[in-house]
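The sequence lines fix the lettering, A, B, ..., with proteins before strands; numbering per chain opens at 1. Just so it is clear, the structure is predicted and the values come from calculations on it, not from any experiment.
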Amino acid sequence: MKLAVVWFKRDLRLSDHAPLTQAVQWAQSVGATVLGAYLLEPSQLAHRDMARQHLGFALETWVSLSNEAGALGLPCSVLHGEAVDVFSRLKSAGTEMRIYSHEETGHWESFQRDIAVRRWCDTHAVQWIESPNNAVVRRLSDRDRWSAIWAQRMQSEPLPVPVFAALPRPSAELMRLLHQALDAQWLTHINMPGIPSSCELADSRQLQTLLANCMPDAPADKLSRQRGGHKLAWDLLHSFANGRGREYRSAMSSPITAESACSRISPHLAIGSISIRQAAHWVWAQRAAGIEDAQWRASLKSFESRLHWHCHFIQKLESEPQLEWRNAHRLYDGLRNEGELTPQESERLQAWAQARTGVPMIDACMRMLQTSGWVNFRMRAMLVSFASYHLWLHWTHTAPVLARHFLDYEPGIHYPQFQMQSGVTGINTIRIYNPVKQALDQDPDGEFIARWIPELAHLPPAHRAAPWLAGADLLGQGLSGDQYPKPIVDVEQAGRDARDRVWAVRKKPESRSVAAAVYEKHGSRNPQREGRPAPAKSAAGKASRGKRKASLQGELDFSAPEQMDLFSDE
DNA sequence: AGTGCAGTTGACTTT
DNA sequence: TAAAGTCAACTGCAC
């Protein structure tokens, strides 16, 4: 008896899924049965970055995949247990087994889990065939070549949903063996005739027990987060194209306009209900139709570049998984406290995480995130900047907090971004966001602050960005410490202090050579972004400045590469 | 009309 | 997708 297990990880889709396609091909050639499996692994669910919303979104996506797959004739099941354990049980059903999956770029524990699975497969005569994920390259030796690989991978046609009809149905004998091997409680809601459907999955007592064990302290799922399922992902792209995204490029910066002008497909990309290649082909199809509107054209271009950057960041974690817990540029080690928090640090971390820093734009963005699981990129960068610079907290303490809040949490984007926004990569410009300036720029009417911090809504709009500057007469009218806190730091002073401390490291003579090594391994080689000569100016003084700049370009220019950063697609 | 000057703008540099 | 600082050109206005 032959069995091909398609191990779905963060690639919950049926189309453009190479492992699934390959499994079906093999199964047809040797008469094997294909089983689609989604694993709920206690050790992975217990990771500090995981929250119930992630599992909720994943299961919604899985249910839609599983129902469609069932209708097409592919049996799918959720299997509970550690990966090696689950595969051992499947193998013990006496099958000749193969595992098909994508290469996963995840956090350290998933990396270790994959090593363990690989070792188990090698010693148990099980073939595990992994396919590359999007444009991420395993064992990339030369960063210079990466952009070309991205283009090559993206340009090939997305794979269609395989035809399952010709596959042998799982025999009663196989089903009996699987049930026996997995034990009834390990095999949940297989989508085959006569077996309960998966729609009650998220409410099942089994799952609640599992969650209670793995995430005992996790807050409840977010009620107003986006919902999962590949159909919803495509709906988002359609509404984006039908007007919502027209002003994407100019509207993505303000949290007010970004909410609807951004594509919002990022959670779907994170769980893989749509592939980067599918999204890229969608963009190109829009463009092929011819675009009259300059604004929409610019927005689409902007959107496409984010698909590129998505993989660019994940590639960093793929190439150096230690980035999850170690600075890219080791000279920054020890700058902030990585160990146990002092009581003061702990208080600052709590205030930030609980949206009571007393700095309205920070707290407003954190509250939006807490409620919905999403805020636009610029505001995410500001939240990280504030924690890392003004509050002087090490990113290893703050990254898990936002990981649990981001519905679109993607480890490969999250950690490189946290390092970048904390100024510890050495190859990126140090960006210290001023939350008061951001409030005035992105929320000039104080509308966003009033929405998320009703305690401040009675203040005149001009005072909402920095209520501590408001006169005593205004403060007396109900704005007091017991309603909305005073700022826990002096924003101006803390920003200056942080800048001085980070630049002190950056200016050390040995810093430059380490940065060069970081750039060699991780830096962006996008020719459109880098080494572009400044446009020549006519005036003599400007020409001489231009010349000076040009002469510097032979050296490693730390400000040009990596100028464009993002947490996720917006 | 031309000059001096404070204030503004924009390009560019520094941190 | 930073923010602050520098510098020169420009502007509006008073005289």
Checklist entry - How would you list, by chain and number, every residue that makes a side-chain contact (heavy atoms from CB on, under 4.5 Å) with A/Q155, sequence neighbours excluded? => result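 Partners of A/Q155 by the side-chain contact (heavy atoms from CB on, under 4.5 Å) criterion, ordered by chain and then number, come out as A/A151, A/W284.
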Next on the checklist: Restricting to side chain to side chain donor-acceptor pair (under 3.5 Å), what partner residues turn up for A/S422, sequence neighbours left out?
Outcome noted: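 Testing A/S422 for side chain to side chain donor-acceptor pair (under 3.5 Å), a comparison that skips the adjacent residues, returns A/S388.
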Next on the checklist: Suppose we screen for side chain to side chain donor-acceptor pair (under 3.5 Å). Which residues come up paired with A/H102, at least two apart in sequence or across chains?
Outcome noted: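 Per chain and number, A/H102 pairs via side chain to side chain donor-acceptor pair (under 3.5 Å) with A/D11.
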Checklist entry - Can you list every salt bridge (Lys or Arg N to Asp or Glu O under 4.0 Å) pair that touches residues 365-376 of chain A, not counting sequence neighbours? => result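 Qualifying pairs, neighbours excluded: A/R367-A/E455.
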[X] [atom1] - [N] [atom2] separation (whole Å):
X      : N      : atom1 : atom2 : answer
A/Y433 : C/dA2  : OH    : P     : 6 Å
A/N434 : B/dT15 : CG    : P     : 20 Å
A/R306 : C/dT1  : CZ    : C1'   : 8 Å
A/Q442 : C/dA2  : CD    : P     : 10 Å
A/F313 : C/dT1  : CZ    : C1'   : 11 Å
A/K437 : C/dA3  : NZ    : P     : 4 Å
A/Q438 : C/dA4  : CD    : P     : 11 Å
A/R378 : C/dT1  : CZ    : P     : 6 Å

Item to check | Which residues share a salt bridge (charged side-chain N to carboxylate O under 4.0 Å, His left out) with A/R277, sequence neighbours left out | outcome: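 By the salt bridge (charged side-chain N to carboxylate O under 4.0 Å, His left out) rule, A/R277 matches A/D16.
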Next on the checklist: Rounding to 10°, can you tell me the angle the first-five-pair axis of the helix from B/dG2-C/dC15 to B/dT15-C/dA2 makes with its last-five-pair axis?
Outcome noted: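 Roughly 0° between the end axes, to the nearest 10°.
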Item to check | Lys/Arg cation over aromatic A/F303: A/R249, 6.0 Å, 45° cone | outcome: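 A/R249 over A/F303 ring: no.
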